[in-house]
Amino acid sequence: MGMTSAHLRSLVEPLRLGPVTLRNRIVVTAHATHNIDTEHLPNDDDVAYFAERAKGGAAMVSMGTTAVHPSSPTPYGIYHNFDDRIVERYERLSEAVHAHGAVIVPQLGHMGGRTDGGDGGVWAPSGFSHHLYGSVPREMTRRQVDEIVEAFASAAERAVRGGMDGVEIAVGHGQLVNLFLSPLTNRRADEYGGSDEARFLFCRRVLEAVRERIGGALLMVRVNGSDETEGSLDTDAWLDIDQRIDELGIVDGMNVSANFNGSVIPTMAVRRGCYLHYARAVRERVGLPVGAVGRITDPAMAAAAIEAGDADFVGMTRAHIADPHLVTKMLEGREDEIRPCIGCIQMCQGELGRHRNVKCVYNPVTGRERFLGDIETTTAPTSRRVVVVGGGPAGLETARVSALRGHDVTLFDERPDTGGTVRIAARTEGRDGLVDAVDWLGNEVRRLGVDLRLRRTAEGRDIAALDPDIVVLATGAAETLPQWAARDHRRLVAAADVVSGHPVLSGRVVVVDEHHRTNAMSAALVAARAGCEVTFVTATPGPAELVEPEVRDDFLTLMHEARIAIRCSTKVTEFDPAGPRLLCHLGGVEALTYRHTDDHGRPVVRPSEVVELEADWVVHTWTEPRSELFDELPDDVTVHAVGDVMNPHRIEGAVHAAFRLAATF
């Protein structure tokens, strides 16, 4: 048991799961990685990715949804298991994971009606669309039903032949099996529809065919606690399904998630442990080992779930994306060193939507294990004196990696604590998790012996006095007068100041978003909560277009509840604070973004409509780099810059650039 804390001992107990024994109770559940080649087969990056999590101590890792048939849509880079080409890839993955003592299974499924814009048809139990894309499928024939059942069985056989310990069947998450189970999407009049028992037939046939083909290998199912969709399966209906599955006597364990419109990953705004009550209800109904998921962010929460009887094992998937060595650190009593998952979904989910592989905002190695895995643990050839100016994410990551590589590091920051503007952003409703990451970075630089000089505005002479070999400026950006403002005015304020609480706004407030991220929405919410009449203005067709859809939905829900008016496709062209009230002269971006033609087809530019908005306060997002120190440092000092001092970044841009920079020292 090593140095594991007493309150975590329930996590290190082995668990028998069918033919395998999990070495502890923490698993990495199925999730897409987009680590695929042009044939949608797992590549070398996928091998390195899953091997690292096995090396870090996870008991079992599950590969994300693997389509079993060419008729399945393949959004966000899911795997294909259509023929024997995947067997050799499975062999490499299973060998790499088994070398570190973990169990590995792929999740097998069919995306059903979840179209992805491909040129194929949409296979579903009935001609009813439920996904956001809206394509209406044709009802599957009996022959097609038989074909998919055989496809599941064949895919499972290939997995086991490739050395996998077994398979997990996707029964929930709005995939094809779920569509057959739900009365909302299964409106068939044959033996597969019309009653609960008939709608279960397809699921039963799939599970029985898979079990027959894989023999005694591990067979898991991932089910829903609820579809959380009106007209579909609620908790009671799912518990009946779970009992039917259990009574088949061929399944070894259940992994409980939720949602019908896709594998919805809870954002930072969702409470931690959001699906634990579903797992507990399933565990009380069936005799199989049951797994829980849903923002289980740290070992203490996982242990509490086990001890409370919520589950037999716990999925900590995003926690392992953030820190693949979570279990090892827990076993060695180094819980304070575990890098926390903050629930931002900016890169674990967001990168998939951009057709890139999985990454993490605060862990630059994630998804790049093959290339960057040794950087943090490799001592630099020569120890150097490194001075970092700025204690935001970029500065902290530079200091952390530099210290790990054996350099003597000093960090200056004018604030009383590290974290920079992230601490301000964390004050926003539903965004408090942001602070966890900068707290971790701050704790790490302290643990590694970085000389922190807080409440110190570093000047050129202060830096030169340390005789540095390398200076890194991570001084960030400062709010400045927007280009559309004729002159400064006390009622023109920056979004960050509003979120900080100074000044407190009143009356009519116009928030001008030129950042297209979350800061303007945060300021709008703060103003609305203070009782202001708020109008949100953006030049783009929708608010915060650089933000992941799930996070944007969180904000838009709150903005709707707060009665914030939103004006899209509207660009600020002038601001005049004269007069008893402030007027914002706003020009529609039609003339800037749409091309018009005259009667002869020749392009013309039409003047945009000019509107005026009355405001007592105008909030802006304009920032410029704080680069004054460049001119104060002597020419013989090697100076680098990273983060917003270069240009405004999202958090991951600053952190990842800092990691790469520190790796060169």
Side-chain angles (χ1 to χ4, degrees), residues 65-73 107-115 120-131 133 135-156 167-211 219-248 250-251 254-263:
T65 297
T66 306
V68 301
H69 190 270
S71 62
S72 173
Q107 183 185 89
L108 304 181
H110 187 295
M111 289 295 180
R114 191 183 313 178
T115 58
V122 179
W123 290 28
S126 302
F128 180 83
S129 174
H130 76 292
H131 278 295
Y133 299 103
S135 296
V136 179
R138 291 184 63 185
E139 182 173 300
M140 292 170 63
T141 66
R142 286 185 176 88
R143 179 176 295 179
Q144 288 173 330
V145 172
D146 293 343
E147 188 175 337
I148 296 301
V149 171
E150 170 59 27
F152 269 99
S154 297
V167 296
E168 177 179 81
I169 304 301
V171 176
H173 285 168
Q175 294 194 33
L176 187 61
V177 178
N178 197 172
L179 301 187
F180 269 90
L181 291 168
S182 171
L184 179 66
T185 49
N186 184 346
R187 305 180 180 192
R188 299 175 70 97
D190 61 7
E191 66 269 30
Y192 293 99
S195 68
D196 292 343
E197 184 176 359
R199 285 189 291 268
F200 181 71
L201 177 58
F202 178 70
C203 177
R204 177 171 66 80
R205 287 194 62 197
V206 167
L207 294 176
E208 288 176 343
V210 168
R211 171 53 76 196
L219 177 55
M220 300 285 296
V221 291
R222 191 162 202 185
V223 299
N224 280 353
S226 169
D227 286 351
E228 299 183 336
T229 298
E230 186 175 356
S232 196
L233 300 165
D234 60 14
T235 298
D236 288 339
W238 265 108
L239 289 174
D240 289 342
I241 292 167
D242 299 334
Q243 184 172 334
R244 290 177 186 273
I245 293 173
D246 188 17
E247 289 172 351
L248 293 175
I250 58 176
V251 171
M254 289 185 175
N255 189 357
V256 185
S257 184
N259 199 270
F260 193 54
N261 295 313
S263 178

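Atom CG of L207 and atom CZ of R211 lie 9.5 Å apart (nearest 0.5 Å). Separating the CG atom in N259 from the OG1 atom in T229 is a distance of 5.5 Å, to the nearest 0.5 Å. Distance CG/D234 to CG/N224: 11.5 Å, rounded to 0.5 Å. The NE2 atom of H69 sits 15.5 Å away from the CE atom of M111 when rounded to the nearest 0.5 Å. Once rounded to the nearest 0.5 Å, the distance linking CZ of R244 with SG of C203 reads 10.5 Å. The distance from atom CG of D190 to atom CD of E139, rounded to the nearest 0.5 Å, is 6.5 Å.
Salt bridge annotation for R143-D146: absent, with no cationic side-chain nitrogen under 4.0 angstrom from a carboxylate oxygen.
E197 CD: 12 or fewer foreign heavy atoms inside a 6.0 Å radius.
The two residues L176 and P125 make their nearest non-hydrogen contact at CD1-CD, 4.0 Å. The minimum heavy-atom distance linking Q175 with G109 is given by the pair OE1-CA, 3.4 Å. Taking each heavy atom of L179 and A124 in turn, the nearest pair found is CD1-CB, 4.2 Å. When all heavy atoms of A198 and E191 are compared, the closest pair comes out as CB-O, 3.3 Å. In terms of heavy-atom proximity, V256 sits nearest to G225 at CG1-N, 3.7 Å. Taking both residues in full, the closest heavy atoms of S226 and W238 are given as CA-CD1, 3.8 Å, listed atom of the first, atom of the second, then distance.
Proximity of a side-chain donor or acceptor of N186 to a complementary backbone N or O of R188 within less than 3.5 Å is detected. A donor-acceptor contact shorter than 3.5 Å is absent between the side chain of S182 and the backbone of N178. A donor-acceptor pair under 3.5 Å is absent between the side-chain atoms of T66 and the main chain of L108, judged by distance alone. At distances below 3.5 Å, not a single donor-acceptor pair connects side-chain atoms of N255 with backbone N or O atoms of R222.
Classified by interplanar angle (parallel below 30°, tilted 30° to 60°, perpendicular above 60°), the ring pair F202/Y192 is perpendicular.
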- Message: I'd like to know whether E147 forms a side chain to side chain contact (heavy atoms under 4.5 Å, CB included) with W123, so could you lay out the CA-CA distance, the side-chain angles of the two residues, the decisive distance to 0.1 Å, and finally the verdict.
- Response: CA-CA 11 Å; E147 188 175 337; W123 290 28; 4.0 Å; yes
- Go through the steps for Q243 and L239 under the test side chain to side chain contact (heavy atoms under 4.5 Å, CB included), then give the verdict. CA-CA 6 Å; Q243 184 172 334; L239 289 174; over 6 Å; no
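Annotation: side chain of L181 is in contact with side chain of F200 (closest heavy-atom distance under 4.5 Å). Looking at heavy atoms from C-beta onward, I148 lies out of side-chain contact with S72 at the 4.5 angstrom threshold.
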